> 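Below: one structure in structure tokens.
Given the structure is predicted, the values throughout are model-derived calculations rather than measurements. Every chain is numbered from 1, with letters handed out A, B, ... down the list of sequences.
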Amino acid sequence: MMASTDHIGQSHRRENALRHLAGRGRFVTDLALPRMVHAAFVRSPMAKGKIVELDVTAAAAAPGVVRVFTAETLNPICAPWTGTLDHFAGMKSAPQNMLAEGQVLWAGHPVAMILAHSRAEAEDACELVLLDIEDEDAVVDGDAALVEGTPLVSDGIASNLCYRTVLETPGLEEAFSNAAHVVEGRFTFGRHTAVTLEPRAVVADFDPSTGQLTVHHGTQTPYQFQDVYAHQFGLPDNKVRVIAPDVGGSFGMKLHVYNEEMAVVAASITLGRPVRFVADRLESFVSDVHARDHRVSARMAMDAQGTILAMDVDDMTQIGAFSTYPRTSVAEGNQVIRLMGAPYTMPDYRGRLSVVFQNKVQTSQYRAVGHPIACAVTEALVDRAAEQLDLDPIEIRARNLVADDAYPHVSATGYQFEKLSHHAALAKLRQMMGYETLREEQAALRKQGIYRGIGIASFVEITNPGAAFYGVGGARVSAQDGAIVRLTPSGEVHCAISVTEQGQGTETIIAQVVADQLGVTPDQVKVTTGDTDTTPSGGATWACRGAGIGGETALRAGRRLQAQILAIAGAVLQAEPATLALAEGAVIDRATGQERITLAEIGRIATYRPDTLPEGCDNSLTAVQHFAPTGYPFDFTNGIQASHVEVDIETGVTRLLKHWVVEDCGRIINPLLVDAQIRGGVVQGLGPAFFEECMYDDMGQMTNASLADYLVPMAGEMPDIEIAHIETPTLDTILGAKGVGEAGTAAAGAAAMNAVNDALRPMGARISQTPMTPLRILTALGHV
Amino acid sequence: MELKGSQTLAATPDQVWSALFDRAILEQAIPGCESLEQTSDTSFSAVVKLKIGPVSARFKGDVELSDIAPGLSCTLSGKGSGGIAGFAKGAARVTLTPQGAQTVLDYTADVAVGGKLAALGNRLIKATAQKLTGEFFANFDTALTCEETAPAA
Amino acid sequence: MKADITLTVNGEAVRETVEPRTSLADLLRDNLRLTGTHLGCEMGACGACLVLLDGVPVHACLVLAVQADGQKVETIEGLNESGQIEDLQKTFHDRNALQCGFCTNGMLMSAHALLAGNSDPSRDEIRDALSGNYCRCTGYEAIVDAISATAEHRLSAERRLSKMKGAQ
Amino acid sequence: MKSPAFDYVRAESVADAMSAYAAADGDAVYLSGGHSVMPSLALRLQAPALLIDLSNIAALSGISLDDGWLRIGAMTRHVQALNDPLIAVHAPLFAAAAPFVAHPAIRNRGTLGGSLAHADPASEFPAAAVAMQAELEIASSQGIRRVPADDFFVDIYETAIEPGEVLLAIHVPSPVAGQVIGFDEIARRRGDYAMVGAAVQAVSTDAGLEDVSIALFSVGNHPVRARKAQAALTGRAIDAAAIADAQAALEDDLNPPDDPQFPASMRLHLARVLLGRVLANLEAVA
């Protein structure tokens, strides 16, 4: 079959961007429905305690208030949910309810829900709720949580340990005892959060007359929520419609089940009218999942030549009061210990993981789950090894990266790599950044008291996950996707697909892929996403699966429709379908390229004059295709990043001068959009490396829960980012695309930490904690 | 958050001691106190209005004296709820040491706030706590002195 | 106590009755359904709600609707329809200077104001002008590129124009 | 984050504003640029019964030169501090501070008077006012008084403005011959409140620096005049030794707040570094 690649690989612009530029985005926050009421929540001001009194009488009588719910009146209509999965053997978490029952477990835990005619009135009424909580000692530190005698994080658990596991190769001890060099470090990775510019938003609309529940939900995974709502509220899933319109950022944060969204659905079912909740920024900080929060001890063994023999890693990660549902809060730590050392030919390994509860907001999956931690620890140790062996950071990587011709390769942690291109990436990076020149400049500037640093980080990224991620553990999280492609009666194309759009350009790349199968241009392909009633069921967009799995689904659906069109054309033209092809909006003769009949004509005949088709000719112009990845459990990508910084050694302030990325995401569908993903991802990695941190006091109060105090990366501080590519398509699919959404985030912080430490090296100072704030840098320098 | 301080009071330890249990003096001493009612020999319920820069909130709560070593030391603890603004609580260990005709009052306080105040007021809280603690003991000194000089009823 | 206010929004006279506590942003979004003005923080830190008040970008979340009584407000919808920022919109599109689109309103407002006062901004000046506009998706570079490209286009158009005039 | 309900009045005169305040029994808040008041209302950190909008009061606007003093109306926007030619010449530290104040859109609406009256310990204009030895003109029911900036900033978010009083204007003495200034701050991100900041003004003479005026901010509950550092510089040329002495003197001048996120030792260290840099880069303005 002739595979057209006219549009795949081209930098098509996003049609849906035009709506946003015109102020015509349609977000859940913009939605107003008839009879809609607004929700606000009364939240626990304490990190842990027993609810002694909850009196909502005055609130219920306040102007504009429609209804007040407490745990007693709301929780019974929704089955509790528990964030555990079977493949994380032995993991535990308490069941969760919408509103706190008896005990509050973090500062921000919702206790009562007020519904009013406006959000302002709902907030007015919140002030009238009498809530008395007898506070209990909160567990705020993960290490302390594991000490015998420490109180339990909640009454619902038997231990503060959620999960513990060890991966170990048999040769680990021997590798360390034979090592010529061992380097080690203790690392702390701060807690941070997604801060999507559009906060979490949901409008639930239950129609009691038909039993139909429609939920407009700012999420990346509508089908998952369709299933969650159906199951938790006991509704048939075909009566649950979840619509994710424009979503103002998600990054993993909006695919978890939250108390507030569930409560809004429950309230709509109870009231039989639309209920809206839009988190305000303060609520976002104390209810959106947070990310990371790891303490890692690690050591690396090398032989005399600097060949990495083994790593030994212990990760303690702190997840808040519950493991999230339905994907758990263990996946992050699990990926941390499995991604350690991944780019390198490292035969032996031990990774220990402890996942620990505390009285804080939950942590869970967020862009580049686990990657930044594994990458930062590995790359920091590689740099320390280089320093100890007096090797250049490029040289030590060249000695240890898995050779480009040594695939397939299985890592010491058991990950299977189909084909990666670390050495090609390293060479390209070195050339692109002008490595030698930068080193010369660095040496010259040091003499003037200017301290610049260069940091490098190789990485692999997990993309295109199959069911191995969640499905095998019992999670009702789809690993497959579906597409419906149809030719309209006028010969245009429509594709409805289960992967979703949050601005990364999903709809554009799907249009490109489909266009190439049907011989049309992408602007002739209308793509619909984000509505469970109008698109087939699928996993949607997470873990970098939109392009690889969604794209392949679209490709196969397109080819199926192509075959149907050619069959009809063959019947009409009295030609063998195999002698025909599609190009430029028409059926052409495959050999000569001559136009035989237009798609518009095919559409017209099949739709309005099917009577003219020969008997037995199927007039269907709609093709349906589902696709689940087979072959490798994941398609790994790889790449390398470099960061160039200048540290003001008197103030501890770091200036980011430049950032480079060489990335191999397989077949590139749209270079413009791939680079956009990388740049955005890099900045999302640099943010927590330098600025972002959810700070807590020793009572478990988050103390910087506003955009004035929580420092997100802004334009003034972020560097320009230069990008180059290598294309190693996966052979698992026809399309050959892998994911790219998390690559930037995976290694940016690691490169930056190595760069800062490179700058600090002449002073003998070193930093092993993120964010790398002026305080921490000055402390490392001995100024504080 | 820990606060420490010392205040020299123009009164004997016994006078200071009884003032610590004196509703009227405490009412004058607590910054922003709108009402203070004695609920037992050693406890009071209070309504306090605080205004610090952009924050203005009314706290309802209790003040209690405990760990009492008469004439020497006690712990003054308070807990107040400011509604959706959050809560504040603190305990101050107070010790009295005679110094001639005067008394040196040393305190070590542990103060905490929660909820919205903690979430948003980070830059404010310590400075405010220090300021309010300072004001309390200064007011206490003033009230004590006034009491001393006032003619006996 | 509700207040009657009259203001001009995108060239249209608008009369509304609002509670004094209603922010200009809520008036625009909820009453007038001009939902292109977004709310990201409601405290002036994110820049998603920027509108032009009497021609100058301000945070619609930090202005009360009653304060805008008698004034002129322009929102993204108005700027879009007037064609004033067409070239800026085009370079944003070309350069993919937006992803989720939630910050885009504010970015366009800041860019529009910057270019009105500085026809040839450096990249650093552009980054400075955007220092109050939060974008979680793009990493900013594409936005800086787009604004820079718009300035270049405008300058070269001006140069062409003055050349033509010179030739006449 | 929706404000609690309140009434609103747009005052047409200072007397209007003050009587509205009195009529509300003090349960009122003045609104100038609104950039501090509005967030605190939205966050429900305060709930006044009445908001009194000062923006229409003619007496609060205008920038004029009078007898060696620049009078800057309290309602002057931050952006004017950045662009106004009179401010550039006669209150140069305001002009130097303005680029550090928040972001362009905030500067379009935020007011100088609002900044000074709000008295955030980490904000720029109060320190500039102290360093320039400005005087603040305050209206009360008893009349109008002028308070030197040194006495104006009393404590954290606390100024000499008593409840109900209105800040009318800022008066800045015009620079004299030989005047030099310096302004800088260390912040995490552009436009953030400073970790530490410094505003310096002095007169450069043949006999060395005179009238040295140094105000540091974000090092205490309000702008702090560094008297010992001033003394260390007076009568001396700016050289490495003089700068080092001024830096050393900060130990006595400052008693910075201490907290785990920002230890006192770090503030002192940064204040020294910053003062050194500002002193090394003083610019002549007259």
Side-chain angles (χ1 to χ4, degrees), chain A residues 11 13-14 16-27 29-32 118-120 194-199 246-251 278 280-282 502-505 672-673 675-684 686-687 706-708 712-721 744, chain C residues 19 21-22 26 29-30 33-46 48 75-81 85 88-90 92-106 108 123-124 126-145:
Chain A
S11 286
R13 298 175 302 172
R14 287 167 48 217
N16 55 21
L18 292 169
R19 290 189 293 109
H20 294 299
L21 286 163
R24 297 182 68 100
R26 289 292 173 264
F27 298 90
T29 38
D30 300 331
L31 188 68
S118 71
R119 169 76 185 200
V195 200
T196 57
L197 190 49
E198 183 193 31
D246 289 328
V247 180
S250 188
F251 313 111
V278 175
D280 65 30
R281 189 53 62 189
L282 174 57
Q502 296 86 40
Q504 60 276 77
L672 178 72
L673 300 181
D675 287 1
Q677 283 303 298
I678 292 173
R679 289 204 171 87
V682 164
V683 167
Q684 242 168 338
L686 293 176
S706 81
L707 271 179
V712 289
M714 298 296 278
E717 290 68 39
M718 290 298 117
D720 280 342
I721 299 156
Chain C
E19 278 192 287
R21 63 164 149 179
T22 307
D26 285 343
R29 290 177 49 78
D30 298 342
R33 303 295 292 144
L34 291 166
T35 54
T37 300
H38 296 149
L39 283 174
C41 71
E42 296 178 273
M43 59 182 294
C46 79
T75 70
I76 179 72
E77 290 89 347
L79 284 185
N80 176 62
E81 283 182 11
I85 55 166
L88 200 51
Q89 290 167 310
K90 182 176 181 307
F92 266 61
H93 187 220
D94 289 346
R95 193 59 190 80
N96 201 48
L98 66 153
Q99 290 182 28
C100 80
F102 211 75
C103 75
T104 307
N105 162 66
L108 289 171
R123 289 182 76 80
D124 192 60
I126 295 171
R127 287 186 179 272
D128 201 57
L130 301 178
S131 66
N133 289 91
Y134 172 50
C135 168
R136 186 49 126 178
C137 302
T138 63
Y140 302 103
E141 187 172 341
I143 299 171
V144 176
D145 290 346

> Does A/Leu707 offer a backbone N or O that forms a donor-acceptor pair with the side chain of C/Tyr134 under 3.5 Å?
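It does not hold such a pair.
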> I need the full list of salt bridge (charged side-chain N to carboxylate O under 4.0 Å, His left out) pairs touching residues 16-26 of chain A, with sequence neighbours left out, sorted by first then second residue.
A/Arg19-A/Asp246
> So which part of C/Phe102 gets closer than 4.5 Å to some heavy atom of chain A, the side chain, the backbone, both or neither?
both
> Would you say the side chain of C/His38 lies within less than 4.5 Å of the side chain of A/Thr29, judging by non-hydrogen atoms?
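No, too far: nothing below the 4.5 Å cut-off.
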> Among A/Gln504, A/Gln677, A/Gln684, single out the residue with the greatest number of heavy-atom pairs under 4.5 Å to chain C.
A/Gln684
> Let me know if C/Leu108 has heavy atoms under 4.5 Å from chain A in its side chain, its backbone, both or neither.
side chain
> Which bit of C/Asp94 is near chain A, if near means a heavy-atom gap under 4.5 Å: side chain, backbone, both or neither?
both
> Just so I know, are the side chains of A/Met714 and C/Leu130 near enough to count as touching, which here means a heavy-atom distance under 4.5 Å?
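No - every pair of side-chain heavy atoms lies 4.5 Å or more apart.
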> Sort C/Gln89 into side chain, backbone, both or neither according to what part of it lies under 4.5 angstrom from a heavy atom of chain A.
both
> Check whether C/Glu141 reaches the backbone of A/Ile721 with its side chain - one donor and one acceptor, N or O, closer than 3.5 Å.
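Side chain of C/Glu141 to backbone of A/Ile721, a donor-acceptor pair under 3.5 Å: yes, one is there.
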> Quick check on the interface: out of A/Ala120, A/Pro199, A/Ala708, A/Gly249, who has the most heavy-atom pairs with chain C under 4.5 Å?
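Heavy-atom pair counts peak at A/Ala120.
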> Less than 4.5 Å to any heavy atom of chain A: does that hold for the side chain of C/Arg33, its backbone, both, or neither?
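Answer is side chain: those atoms of C/Arg33 sit under 4.5 Å from chain A.
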> Check each atom of C/His93 against the heavy atoms of chain A and say whether the ones under 4.5 Å are side chain, backbone, both or neither.
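Both backbone and side chain.
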> Is chain C contacted by the side chain of A/Val247, its backbone, both, or neither, given a heavy-atom distance below 4.5 Å?
backbone
> Which bit of A/Glu198 comes within less than 4.5 Å of chain C, counting heavy atoms only: side chain, backbone, both or neither?
both
> Under 4.5 Å between any side-chain heavy atoms of C/Arg123 and A/Asp720, yes or no?
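Touching, per the 4.5 Å side-chain cut-off.
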> Side chain, backbone, both or neither: which part of C/Thr138 has a non-hydrogen atom closer than 4.5 Å to chain A?
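C/Thr138 touches chain A through backbone heavy atoms alone.
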> Under a 4.5 Å heavy-atom cut-off, does chain A meet the side chain of C/Leu34, its backbone, both or neither?
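Interface part for C/Leu34: neither.
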> With a 4.5 Å cut-off on side-chain heavy atoms, are C/Arg29 and A/Asp30 touching?
yes
> Looking at C/Cys100, C/Ala45, C/Ala48, C/Cys103, which makes the most heavy-atom pairs under 4.5 Å with chain A?
C/Cys100
